[in-house]
Each structure stands twice: as structure tokens, then as C-alpha cells.
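Inspection log for the structure reproduced underneath, given as C-alpha cells.
Chain letters run A, B, ... following the sequence lines, proteins first, then strands; residues in each count from 1. All heavy atoms count here, side chains included; hydrogens, waters and symmetry mates do not.
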2 protein chains.
Amino acid sequence: MGARQLHLNLFLLDTGHHEASWRLPSSDPYANLSLEAHQHLARVAEEAKLDSVFLADSPALFGEPGRRPSGRLEPTVLLSALAVSTQHIGLIATASTSYNEPFNLARRLASVDHLSGGRAGWNIVTTAGDAAARNFGLEGQPLHKTRYERASEFLDVATKLWDSWADDAIVADKDAGVHAVGDRIRPISHVGPHFSVEGPLNLPRPPQGHPLLVQAGSSDDGKEFAARWAEAIFTAQPTLAESQAFYVDIKRRVAAAGRNPDHVLVLPGIVPILGDTEAEARELEAELDRLIAPEYAVSQLAQLLRVPPGRLSLDAELPDDLPVEDEIEGAKSRYTLIVDWARRDRLTVRELIGKLGGGRGHRTVAGTPVQVADTIQHYFENGAADGFNIMPAVLPSGLEAFASSVVPILQERGLFRTDYTGTTLRDHYGLPRAARRPPAIA
Amino acid sequence: MGARQLHLNLFLLDTGHHEASWRLPSSDPYANLSLEAHQHLARVAEEAKLDSVFLADSPALFGEPGRRPSGRLEPTVLLSALAVSTQHIGLIATASTSYNEPFNLARRLASVDHLSGGRAGWNIVTTAGDAAARNFGLEGQPLHKTRYERASEFLDVATKLWDSWADDAIVADKDAGVHAVGDRIRPISHVGPHFSVEGPLNLPRPPQGHPLLVQAGSSDDGKEFAARWAEAIFTAQPTLAESQAFYVDIKRRVAAAGRNPDHVLVLPGIVPILGDTEAEARELEAELDRLIAPEYAVSQLAQLLRVPPGRLSLDAELPDDLPVEDEIEGAKSRYTLIVDWARRDRLTVRELIGKLGGGRGHRTVAGTPVQVADTIQHYFENGAADGFNIMPAVLPSGLEAFASSVVPILQERGLFRTDYTGTTLRDHYGLPRAARRPPAIA
């Protein structure tokens, strides 16, 4: 195990990442609300020794609810349940810095870390979109830049709260009647433009020091934020070249921020569609694409591109006069990725919808287990990835196939663990326990 | 089972409700952070067929952290874990209307209700104290009246969000590609003095319609709020006469609010200290009282009474010139209860501390299982209670003793179920599924 090892995360999403996956005969259309369905996925992932499972999230109903399962259990609550159902695997919850209070969220994440014995991670998002803003007293989303400023201060407050108890604060001296040493628990007395938080947290320091910090925004603001705070990065990169460019850019920014680039893992998304033969895999992919409802997909795409749905024509390319990224206030990097991709490959709207419905801009690989393993290895060994965010097109079958056919190949090649060697999520990712910055003495 | 039945809730609190319980040789001083300790309590309570378990909460570190276990796992997260570890018992989380956003909290509670198959309850609190306020950008707590106004609007928003999906919104029609019927999911478009929330919730209607609504404030504002919203009420009443007066008052207010008094259960707290003989129980009580650290308890009491600790003298009665309830902006009813009790029984500060350290103003009964069962039956049959909030002085031993010795007596007397007859928390409490108020069509 001396050689550099892959890190693999399972992106949990009810019946799978292809938007039409719920329509397959074998799919459970209530999987999004099912504890048992999530338990099964987490256990299969743990059996395969994956580093972690992950839940995306937004505090709003996204898109048109009629067309796919749209209810979403809140991630910290769901992952706490999965902590009971698993022993080793990491548990990464998405939560918004724009629509939470730092005290409440820092506490929930610390609670999951305590309950799970140090397996909690936080995918930090600033939450694009007006729909979420309108659930929290705003007319529309704050500016992209403002959201990232708030996110930075939020992280400052959250890490101070996690550090408000010394690791040795609790002594549990029954004879003396002293449970904790008072001056090892300190207020943080944070006062800033977005937050005033006195502290301390009402929980001892989490087992990992801080939950693992994960990030996924790939705009310039997003990458700068990642360089300062992230320890793992999920990213959508449809080609090897784009992944390599992103990888180099992030590692450079991390070094420039004075951090160790090896302590920030880059995990592009990959949508595996597996078959015993490549033809079988491609047939499954085609079956899924046939199940996409085009009128719904056009309306989703139009929303993302900020144009009226009538501007898009199924068998034509994208209009020439779309906004440029600077004018976009949410999901900037996703916007640019899609527009560039469509123009480069001269895709019609119908073709673009097929590609987005499958992987939403992530790399889709339809093929045999060896082909999928080869792709993973190629990225890993060519400066494009430290591992992958696995997004099976169909769940649970796509995970079961990946676990039973791709993982053993990666293990045989010495690229992936055959058993867990540590107990915390940071252990799995090869990262140290978070160092403590104690609050100043008042 | 035709006769009126008792309802019993277990108030979960690490090593027990006596503040010195953690110092007993048998106590686990890390129980407050332990999943296993909470799982054990929930399973013993379920084995005894109790209606529910309950977690208190405040988003602040309370009191002096040195003197007893003070870290608190966030209740929705912890109860979600306990949902996996149990099959039947209800799960009641305390959460603050003053320091949460309605969208986030309504969603987390709905998530626990979905995950647990309809076993979630919400103990609604407005959160007294400046410490919590200072963790959320305020200088000090909002006025008592303002907190209750916000609480009422919060409940209005939360119930609208839970009702934003019709019960038949999801059709899961794979052939037609229709997962949910769009016009059965509606925005709530709430605009009020404290909140503007567009909705809909990003979760289908919870299994219970709404999680069970529980409340514990006993001030005038608190009782009016309970009459409008609560379905179960936890209350601290140290004597039978006070319990009876409270019971009559609440049922009258509920009727005046146009609701069915039978659908609002009054559950006073009781602190059982059990022994094979009364002498044995009293010896355990005395042992616990000897372990209270008086200097700490005086400082806690002084904080509650809004006087400097130097004003209290251990072997004297309370000073005459304490504030009256109207001047108190937090925990009003608890304040009055303590002051009245001390004056009526002419307790010294030391005696008062002993009583508060045991039950914090709740009724303590040290005795044999028959004596404890007799007390419960007497309250239940004399207009003082619909059941009890069981607060064992020591955990888990006090719960184990209650489950194995008191519950069977109550069952033999036909007062308490011998098995669960329904699946949801509302079923256990004999309450109907919440009716839906659909949002108006825009």
C-alpha cells in the first residue's frame, strides 16, 4: 500500500444519476424517501471499501417536480441514520452557507461526526438560484461574490466553534466533581460583516477536529474558496484535458494559499454505465436516453441558460447570443461548461439534452468493467484526478455492478484499498486530523 | 383497551436527571455523546412499550460546563440515528422557533418523520436566555412576547410547508413519465412580520401529516400558544394540586380555542427514584444529593433568579426583593414555580438546591415500584395528568428499574398498553393524522 491510492466516493441519488433512471422497470420510484434504499447503497459501498458516500442538496424544490423523484431528505439527518447502518464509510452532507446559521450547522455536522466516530464530511455550497432565496425571506439570490464572502466568514466561524473546546477539555473527574476544565472551553466572540457569534459550541471538539471539508464550485470565486478551505473537491469535467487543466489549476492555487497540495484531493465525477460487453452498456445508455422527456429537458436547459424555452429548438444548435459567464449569478462554472461543450461539439439541443440527462456535464463512460477501470486509471496516472466521485446512471444496480466488477480490477492493479486501514473519513482520504486554532484568551 | 390509557414519554438525558448522577460509580460520564448509550435507552423504553422518547435542547452551552456533562448532540440528528435503532417508539426533538429558519426546521422534522415511518415529534421552544441569542447575532434575547409572536408565525409557516404537497401528489407513473402531479404541489407564498417563505417544501407530506406538536412553556403566553398548537404538553408541577389546576386551565383554554381537549395531552414530569423498599430509594436520593456541588448550584440558581450569587446564602431563605414574573424575559413559568415553592415551604437555599438538583421543579417520587405506580395512577385518575414525562434520576439504571417494575404494575392495572397497537407517534398518543389545509390557488 505504499503506492499512491485512488479515493472513491459514491454520490447517492435515489434511482441513479440518469434523469430517466426512475422509469426503468426495476427502479423503485420511492427510493428518494426510503431509509432502506439508502442503507442498501451505503452498505454496498462500504463492502466495496469506498471512502465515502455523499448527498447533494438545495433548500428548495428544484425544477418541475412532476418529472422525476424530487423530494429530498435533509442530508445531515439522513446521514446520521446511515451512520448507524454502517461502520467505516465516510458520510458527506451538502449544506448551504447562504441559508444556514453557522452555530446550527457547525453543531449538526459535529453531532454527525461524534455519532459516527469521526466519519462526517461537509460539502460546502453557496446555493445558486432564486427558488432557495425565496424560502429564506429574500427576493432573489444574493450576488455570487457576496455568497462567497459569506461562505468564507461562515467557515471562519464554524472552524472557530469546532475549536472552542480543547481536545483535553473533558476530564470526567467524579471524585472532584469536575467534568470539564472550564478554561479549556472558550467563547469565540466572533464579530464580522455577516455574523456575530459568541460561542462556545455546546459540543466537545469533533473526533476529526473538523469534519472533512469538501467543495464543488468551479468558478473563479469557487476555486479560490477551495484553495483556502477545501480538503476534497468534487468537479464536473467532461474530458481528460479539462480535468488535467482543472487539476493543475487547483493544486497551484492551493500551494499559493500556503497549503499542501497533497492535502486537497481532486475527485471528478464519472458516470459509469456498465455491461458485459461495450454494446450491452451502450444499449442501456440508449434505453435511458430514450426515456428522457424532451419538453421537460428543454425547459430545464432554458432555465440554466437564462433564455425563454421558446428560444431553444430541439434539432438546432444553441442560439449565438447567450449571456457570458460574467453576467451569470448562479452556477457560473456549470453554465460555461455546458455552453462550451455544445459549441465545441456542435451539438443540437436534442443531443445536448441526451448528454446532460445522463451525466449533467460529468464524464459518462459506457463500457465493460475493464474499460471503466482503464479510464479511472488513466485519469489517475495522468495528472487529472486523485480519485473519483462515482455517479452510477442507475441505482442500486449500477453501484452493485461497479462494486463487484470495477473495484476488484482496481484492487488487483494495486490502485485501491482491499480493506479500511483507519477509522475516520480523514484516515480514508489520507488526511491528518484538523489542527486546532484555540480562541484568544479574552 | 377500551378504558382511558396512560401515555408515557421518556425524557432522555445522558446519566439521568439528577445533576450529580454522572458522579455515581456506575455512570458513564461520556454518555451524552454516545450513540450506544442513547440506543440502549431507546430500546429499553421501546421494550416497555413507552409512547416516545424526548430530547431537550438549547443552541448554547448552558451554565458552567465544568460541573456536569454539558455537550449536547443536536436532537434531529440524534433522533434520526435512533429511528434506525428502534421500530415503534416515537421520537420527539426539541427545536427553537427563535433560532431556526422555518424552511430548514420543517424540512428536518419532515425528514425524521419520513425516515422513521411517522414517529417524529417536535417540542416547540422559544429559547430563553441571552447565551443562545448571542450565538445568532443578537445582543440578548428578544422579549418574551416577541418570541411567542415569532413562534406562532413559525408554526403557521411550518404547517403550510408540510401541507404544500397533497397526500396524493406522487403518482409514479413510469409509462407516462409523470412522477408527481404538478398542480398538487403548491407554493405557500407566506409573507408575514417575521418570515417570507415561498415554498413549496422539497419533501412530500410527512407520514403523520405533521409531526406531533409538543410544547412545554407554562407562562400565560406559553399556555395560549399551547392551546392553539400543542398536541402534547410537558410541564413541571411539583404537587398534585398544581397539576390539577394546570390541567383544568389548559383543557379550558384548548376548548376556548375551538379544539378538542382530548387531543391535547397533559404530561407532567415525574422523577422516579426506585428501591425495593422506600428506605432504599431514599438512601439513593440522599446519596445523589450529597454529590451536588453547592457552590455550582448556587451560581446556577442565582442566574435563574437574576441576582448576583453573593445575594444567596446557603442556610438562609431566598431574599425578599426578587423580581416578579412580569419583569422576567425568559423561562417565566419556571421562575415563578421555584420562587413560590421556596417561599411556601420556607426552604433554605441549600434545601431548594437539593430539590432542584433532583428534579428541577418536577415531582420527585422516591419509593417502591408500587408507590411510584400509585402516584401515577392517582394523578391520572384525579384530573391531573393524561400521562407522564418520565425523568429517571439516574440513567440507564432508573429507566431499567421503571421498565421492569413500574410498567408491569401499570399494565396489570389496565392503565397502560401491553403492546403497540399502531405504527405512528400519533397512533400511540391516540391522536388523528393531521388534517391538511391546502395552499390557496394563486
Counting heavy-atom pairs closer than 4.5 Å to chain B, which one of [options] comes out on top?
options: A/V178, A/V197, A/V77; value: A/V77
options: A/T76, A/L33, A/N104; value: A/N104
options: A/G71, A/G182, A/P29, A/G177; value: A/G177
options: A/V191, A/I188, A/I170; value: A/I170
options: A/R67, A/Q39, A/E101, A/R108; value: A/R108

Report which part of [X] has an atom under 4.5 Å of a heavy atom belonging to chain A: side chain, backbone, both, or neither.
X: B/L24; result: backbone
X: B/A172; result: both
X: B/I185; result: side chain
X: B/S58; result: backbone
X: B/A81; result: both
X: B/L201; result: backbone

Between atom [atom1] of [X] and atom [atom2] of [Y], what is the distance when rounded to the nearest 0.5 Å?
X: A/N32; Y: B/L203; atom1: CG; atom2: CG; value: 8.5 Å
X: A/S80; Y: B/L35; atom1: OG; atom2: CG; value: 7.5 Å
X: A/R72; Y: B/H114; atom1: CZ; atom2: NE2; value: 12.5 Å
X: A/N202; Y: B/E74; atom1: CG; atom2: CD; value: 9.5 Å
X: A/L115; Y: B/L82; atom1: CG; atom2: CG; value: 8.0 Å
X: A/S189; Y: B/R134; atom1: OG; atom2: CZ; value: 10.0 Å

Check this for me: does any side-chain nitrogen of one of B/D57 and A/R107 sit under 4.0 Å from a carboxylate oxygen of the other? yes
Under 4.5 Å from a heavy atom of chain B, the part of [X] involved:
X: A/F136; answer: both
X: A/D183; answer: neither
X: A/P25; answer: backbone
X: A/E36; answer: neither
X: A/A60; answer: backbone
X: A/S34; answer: neither

Compare every heavy atom of B/P59 with every heavy atom of A/F103, then report the nearest pair and how far apart it is. CE2-O, 3.3 Å
Between B/H179 and A/Y30, what is the ring plane arrangement, given parallel below 30°, perpendicular above 60°, and tilted in between? tilted
Without swapping roles, check the side chain of [X] against the backbone of [Y] for a donor-acceptor pair under 3.5 Å.
X: B/N135; Y: A/G199; value: yes
X: A/R23; Y: B/K174; value: yes
X: A/S196; Y: B/G137; value: no

May I ask you to name which of B/P200, B/P69, B/A131, B/A176 has the most heavy-atom pairs under 4.5 Å with chain A? B/P69
